[in-house]
Protein chains: 2
Amino acid sequence: MTKSHQQILRDFRLRSTNSRSDILKLFIDQPHALSYSDIEKEVSPQYDRVTVYRTLKTFLTKGMIHKVLDDHGAPKYALCSTTCSQTHHHHNHVHFKCSQCGQTSCLEKVEIPTISLPAGFTIDEMNLLIQGVCQACK
Amino acid sequence: MTKSHQQILRDFRLRSTNSRSDILKLFIDQPHALSYSDIEKEVSPQYDRVTVYRTLKTFLTKGMIHKVLDDHGAPKYALCSTTCSQTHHHHNHVHFKCSQCGQTSCLEKVEIPTISLPAGFTIDEMNLLIQGVCQACK
DNA sequence: GTAACTGCAAAATATTTGCATCCTT
DNA sequence: AAGGATGCAAATATTTTGCAGTTAC
């Protein structure tokens, strides 16, 4: 079952304010990652730019959303999967960016295979960005 | 054999200017990826900020360097491997970012295993960012 | 000689900070 | 009531553009 935005905010010990709820709802409604400007486009001028920046930073810090790597270096953000909580974060993300529609989405079901690194390297976390054409744009 | 910076510039049909040579030499000398500010730190005030921006953009456009994905979204740049040329670009990069020393480097020898995606997805390019502790910092 | 490159100034963007006020708990 | 969140103004940082002068080929 999907959690409500209120529940999510409560889980992360965040006060439930209008801006937080509305921005969080965007993430819940969209299946793909959002850039700062995607978000601002939706909530402006209802909320101030600064509030959007601060809200994103808070969400990030609390581990509610994560940064998604984009080929162009423009950061995007996406909700962490339901298996993430404040204490237990799951870190191996696979993201797919479609070159047609430009949307980046998390492929929760795809696992990154084991990679063998040269001796002496320790792996904490892996992020795989795949670029290509998605199902819908095929 | 390693190519000289002059040779590399010639290969990419770029005029050999002082700033291009000096910036290219930085990439040749450093085994790891450089951010814009890493570069500016080295060449300022000898060259103007604008020149650095334009030089990087030119190198990128010509395919001489590539953007390296960083967990913090701050773009970094690295020389493409010698197997890349203007026409034939090899695209499956593995980058390793050490959480101790902060350096990001390309692991040229590591291959990304085949990933099976849901039906309907086409893969053009893959970038894997691994974070952990490197050999030297162990 | 000519097209391309560079530096300077300035514009345009993007992000952060300070502070007074308001709102959630 | 109190601490945290917000909005506004403004500071700071980052990147781009225009243009005149210079340089590589």
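These numbers come from a predicted model, not from an experiment. We name chains A, B, ... by the order of the sequence lines, and we start the count at 1 in each one. The figures that follow rest on heavy atoms only: side chains count, while hydrogens, waters and symmetry mates do not.
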Between CG of B:D48 and C1' of D:dT14 the distance, given in whole Å, is 14 Å
Report the distance from atom CG of A:L26 to atom OH of A:Y77, rounding to the nearest 0.5 Å.
14.5 Å
Atom CZ of B:R13 to atom P of D:dC25: distance rounded to whole Å?
13 Å
Whole-Å distance, B:D22 CG to C:dT6 P, equals 11 Å
Check whether any side-chain N or O of B:K57 sits under 4.0 Å from OP1 or OP2 of D:dT16, and answer yes or no.
yes
Among the nucleotides D:dT15, C:dT6, C:dT16, which one has an atom lying closest to any side-chain atom of B:T55?
C:dT6
Name the residue closer to the 5' end of DNA chain C, choosing between A:Y36 and B:L14 according to the nucleotide with the nearest heavy atom.
B:L14
Using atom CD of A:E40 as one end and atom P of C:dT16 as the other, report the distance to the nearest whole Å.
13 Å
Classify B:S19 by what it touches in the nucleic acid, base, sugar-phosphate, or nothing, heavy-atom distance under 4.0 Å.
sugar-phosphate
To the nearest Å, how far apart are B:R10 CZ and D:dC25 C1'?
12 Å
Can you check the A:L9 CG to D:dG4 P distance for me, whole Å?
17 Å
What about A:R54, does its side chain sit under 3.5 Å from the base of D:dG7 through a donor-acceptor pair?
yes
Choose from D:dT6, C:dC5, C:dC8 the nucleotide whose nearest atom is closest to any side-chain atom of B:R20.
C:dC5
Donor on one side chain, acceptor on other, A:D22 and A:S19, under 3.5 Å:
no
Residue B:R15, side-chain atoms from C-beta onward, closest of C:dA4, D:dT6, D:dC8:
C:dA4
So, A:H66 versus A:H95, ring centres under 6.0 angstrom or not?
yes
With side chains defined as the heavy atoms from C-beta onward, is the minimum distance between B:I23 and B:F59 less than 4.5 Å?
yes
Considering all heavy atoms of both residues, which atom of A:S21 and which atom of A:L9 are nearest to each other, and what is their separation?
OG-CD1, 3.9 Å
Between A:T17 and B:S16, the residue closer to the 5' end of DNA chain D by nearest nucleotide is A:T17
May I have the distance from A:R49 (atom CZ) to C:dA14 (atom P), rounded to whole angstrom?
10 Å
Quick one: which of D:dT16, C:dT15, D:dG3 gets closest to the side chain of A:Y53?
C:dT15
Measure OH/B:Y47 against C1'/D:dT23 and give the value in whole Å, please.
13 Å
